[in-house]
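The sequence lines fix the lettering, A, B, ..., with proteins before strands; numbering per chain opens at 1.
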There are 2 protein chains.
Amino acid sequence: MTDVGASPRTRNAAATRAAILGAARARFSREAYDSVGVRDVASDAGVDPALISRYFGSKEDLFVEVCNTGDPSDLFDVERDQFGAHVAHMMLHEPQDSEKLDCFLIMLRSSASPKASEAIRVMGRDRFYDRLDAYIGGDSARVCARIVGAIIMGLSISRALVADFDLDEAQLTDMERRLADIIQRCID
Amino acid sequence: MTDVGASPRTRNAAATRAAILGAARARFSREAYDSVGVRDVASDAGVDPALISRYFGSKEDLFVEVCNTGDPSDLFDVERDQFGAHVAHMMLHEPQDSEKLDCFLIMLRSSASPKASEAIRVMGRDRFYDRLDAYIGGDSARVCARIVGAIIMGLSISRALVADFDLDEAQLTDMERRLADIIQRCID
DNA sequence: GCTAGAAGTCACCGCCTGTTGACATGGGCT
DNA sequence: AGCCCATGTCAACAGGCGGTGACTTCTAGC
């Protein structure tokens, strides 16, 4: 998505690497691993496809790198007693292409692709569930984290499948209230 | 998965079609649309790959057919006051390769594949959400159906990602109890 | 200003994919 | 029994894929 003029690309390895990584993150948060081609990513980044192999080794390595640099910490950036409301609002009202949701979207988009599932498993554990466990705390932390995680994943996939859940504004408000309640109950 | 002897396949168009459809359903419930090759499906069905094009037109048409013949009615085969417990038990204890879960698995596996997403959207609406709306009933049916649907989807994806949610038996029991409560509250 | 190496470009490889059409053959019908 | 169409087999195609290596070009450091 940088300049695409006839002039050759300015030489800056770090910026090029970052551009590829960013374009890859955006693509992988919208489509499944197998649906995304290296030529797509390169085109988005305004870069020659060969550079992907050069900088990251392979498409699979690039995907792992995307997973390893994902950061869902926005999720936990709130007081405990507002967690339910925070998550519910984020899942329903955050723009669908927001970077805040990238982590979850990437996980669910490619979870069914054998080549990507291992990296996803690791990302889910290290970058999401472990932190959610710690955030929730207490005896049932793991169980509650699994439930909250499932709800977040499910909301992401449902919303991605049909725009805004196919609900009107009033229904969305109702849904947000109910979800906030459900999630808050999980962590109390 | 039928006989693979040197003897040529017995000639039975209906059985062959059904074998392809069954193999495709199983494959699509385990992997994403783009990860599944027609040669994989044909091999599972013990059939020549060319027959897939012959009987269904294309891989995409085959996928649509799989979606159109899916049936999640096991979900609704229970009294209202047991719905939460029923769903929770099914999601946690039904074998992961059970046909009862095929519908949800197929939806989430391929929701990120552009070529498959339209068929998935239709299946989700006609075969799942509409029926869930009707089952729940009342003013907030649609909202509640979206929440229950999201939970089911999220549980499916989480469970598929890490075997049995990476929980021990006691934690699974705890999780089932909590989920049953959450879901039952949604429809009451 | 020159040089050496980093950065970017390009052409191409082998592989795999979905799909097709020509061909072989079994089995129901007369 | 014998025909003939439905059924199954096979080989091949075109296109797209990820990946590679040789080449050009820019630029930092002396």
Charged N-O contact under 4.0 Å between [X] and [Y]:
X: Arg177(A); Y: Asp174(A); value: yes
X: Asp34(A); Y: Lys115(A); value: no
X: Arg121(B); Y: Asp166(A); value: no

Want to settle it: does Ala50(A) or Ser35(A) sit nearer the 5' end of DNA chain D, counting the closest nucleotide to each?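 First, find each residue's nearest nucleotide; the 5'-ward one identifies Ser35(A).
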Polar pair under 3.5 Å, donor/acceptor by atom type, side chain [X], base [N]:
X: Arg11(B); N: dT25(C); answer: yes
X: Arg54(A); N: dT9(C); answer: yes
X: Arg39(B); N: dG18(C); answer: yes

Measure across Leu92(B) and Asp164(B) and return the closest heavy-atom pair with its distance rounded to 0.1 Å.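 Taking every non-hydrogen atom into account, O-OD1, 4.2 Å.
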Once you round it to whole Å, what is the distance between [atom2] of [N] and [atom1] of [X]?
X: Lys115(B); N: dG18(C); atom1: NZ; atom2: P; answer: 8 Å
X: Lys59(A); N: dG18(D); atom1: NZ; atom2: P; answer: 4 Å
X: Asp40(B); N: dC16(C); atom1: CG; atom2: C1'; answer: 11 Å
X: Asp34(B); N: dG16(D); atom1: CG; atom2: C1'; answer: 13 Å
X: Ile52(A); N: dG8(C); atom1: CD1; atom2: P; answer: 13 Å
X: Asn12(A); N: dA28(D); atom1: CG; atom2: C1'; answer: 13 Å

Gln184(A) atom CD: more than 12 heavy-atom contacts under 6.0 Å: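 Counting other residues, nucleotides and ligands, CD of Gln184(A) exceeds 12 neighbours.
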Gln171(A) atom CD, neighbour heavy-atom count above 12 within 6.0 Å: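 Correct, the count exceeds 12.
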Taking only N and O in the side chain of [X], is any of them less than 4.0 Å away from OP1 or OP2 of [N]?
X: Ser58(A); N: dG19(D); result: yes
X: Tyr55(A); N: dA7(C); result: no
X: Thr16(B); N: dG8(D); result: yes

Taking the side chain of Leu51(A) as its heavy atoms from C-beta onward, which of dT9(D), dT9(C), dA7(C) lies nearest to it?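 Within the option list, the nearest is dT9(C).
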Has Arg146(B) got its NZ or CZ under 6.0 Å from the middle of the six-membered ring of Tyr129(B), at an angle within 45 degrees of the ring axis?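 Yes, a cation-pi geometry.
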What does the inter-axis angle of the helix from dG1(C)-dC30(D) to dT30(C)-dA1(D) come out as, five pairs per end, nearest 10 degrees?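 Rounded to the nearest 10 degrees, the bend comes out at 10°.
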